[in-house]
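Reading through the structure tokens given below for one structure.
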Amino acid sequence: MKFSTKTRYGIRAMLEIAKDESQSGVFQKDIAANQDISVKYLDQIIHALKVAGLIINLKGRKSGYILTRNASEITMLDIHNAFEPGICVIDCLAKSFDCERKSFCEVIGFWEKLNHMVVDYFEQVTLEDIRSGKVKLDQ
């Protein structure tokens, strides 16, 4: 299972915006430079985050982006869902996938439980958790 580049870069862009405590907004060019994302690709990411209602652009000539909610209220699932329609660890769990083995598959429960664990983790971790360093690899 892989998460898209848009999801990964979206999390990085949101983190960059969350780190700004001035509330004057973060410029797209600064997000691109600090997170090593091309401005052109970041356009698509910023657009999706705006459509999802996670960020807004402050009005005016010299404005930047701010979060629409506190970082503690924005989950990784919120960010992921700005780019992908939910999390699905294997194709046969997708509603659009018609698996002929689904009615008698002996391992479907394993995959469903794993999928729920991943979704739960994405729901539990907030942007603030990442910003504050709460989410780190165990040593």
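Remember, predicted model here, so these are calculated numbers, not experimental data. As a basis for the values below, the full set of heavy atoms in this structure was taken, side chains included, without hydrogen atoms, waters or symmetry mates.
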Show me the donor-acceptor pairs, under 3.5 Å and distance only, between side chains in residues 116-126 and residues at least two apart or in other chains.
{"unit_1": "Thr126", "atom_1": "OG1", "unit_2": "Glu128", "atom_2": "N", "d": "3.3"}
{"unit_1": "Thr126", "atom_1": "OG1", "unit_2": "Asp129", "atom_2": "N", "d": "3.0"}
{"unit_1": "Thr126", "atom_1": "OG1", "unit_2": "Asp129", "atom_2": "OD1", "d": "3.4"}
{"unit_1": "Thr126", "atom_1": "OG1", "unit_2": "Asp129", "atom_2": "OD2", "d": "3.3"}

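Across all non-hydrogen atoms, the minimal contact from Ala18 to Arg131 is O-CD, 3.4 Å. Across Leu49 and Gly10, no two heavy atoms sit closer than the pair CD1-O, 4.1 Å. Closest non-hydrogen pair, Val26 versus Glu16, comes out as CG2-O, 4.0 Å. Contact between His80 and Gly86 at its shortest, heavy atoms only, is NE2-O, 3.1 Å. Annotation for Leu42 and Ala32: closest pair CD2-N, 3.6 Å, computed over non-hydrogen atoms. When all heavy atoms are compared, the tightest approach of Ala48 to Ala82 is CB-O, 3.7 Å.
Going from atom CD1 of Ile37 over to atom NZ of Lys6 covers 12.5 Å, rounded to the nearest 0.5 Å. The structure places CG of Leu15 at 10.0 Å from CZ of Arg12, a figure rounded to the nearest 0.5 Å. One distance of note links CZ of Phe27 with CG of Asn57; it measures 9.0 Å at 0.5 Å rounding. Separating the OG1 atom in Thr5 from the CZ atom in Phe83 is a distance of 11.0 Å, to the nearest 0.5 Å. The distance from atom CD of Glu112 to atom CD1 of Ile90, rounded to the nearest 0.5 Å, is 8.5 Å. The distance from atom CD1 of Ile55 to atom CE of Met14, rounded to the nearest 0.5 Å, is 6.5 Å.
Using a 4.5 Å heavy-atom cutoff, the side chains of Ile17 and Leu54 are not in contact. Inter-residue side-chain proximity for Met76 and Ile130 is flagged as met; some heavy-atom pair is nearer than 4.5 Å.
With sequence neighbours left out, the side chain to side chain contact (heavy atoms under 4.5 Å, CB included) criterion links Ala33 to no other residue. Among residues two or more places apart in sequence or in another chain, the side-chain hydrogen bond (donor to acceptor under 3.5 Å, both in side chains) test is passed with Asp20 by Ser22. Under the rule for a ring-ring contact (aromatic ring centres under 6.0 Å, His included), the partners of Tyr9 that lie at least two apart in sequence or sit in another chain are Tyr41. Residues passing the side-chain hydrogen bond (donor to acceptor under 3.5 Å, both in side chains) test with Thr68, sequence neighbours excluded: none.
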Could you go through Asp78 and Arg69, starting from their C-alpha distance and side-chain angles, then the distance that decides it, and tell me whether this counts as side-chain contact (heavy atoms from CB on, under 4.5 Å)? CA-CA 12 Å; Asp78 294 330; Arg69 305 188 305 258; 2.9 Å; yes
Evaluate Ile46 against Ile31 for side-chain contact (heavy atoms from CB on, under 4.5 Å), listing each step before the verdict. CA-CA 10 Å; Ile46 292 293; Ile31 297 169; 4.3 Å; yes
Under the side-chain contact (heavy atoms from CB on, under 4.5 Å) rule, what do Thr7 and Ile79 come out as? Steps first, then yes or no, please. CA-CA 7 Å; Thr7 294; Ile79 299 170; 5.5 Å; no
Verdict with supporting geometry, Ile87 and Leu77, side-chain contact (heavy atoms from CB on, under 4.5 Å): CA-CA 9 Å; Ile87 294 175; Leu77 189 62; 3.8 Å; yes
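Evaluation of the salt bridge (Lys or Arg N to Asp or Glu O under 4.0 Å) test over residues 34-52, restricted to residues two or more places apart or in two chains, returns none.
Under the 4.5 Å side-chain heavy-atom criterion for ILVMFWY residues, a single connected hydrophobic cluster contains both Ile108 and Leu114. Put simply, Leu93 and Val107 are part of the same group of oily side chains (I, L, V, M, F, W, Y) that touch within less than 4.5 Å, one to the next.
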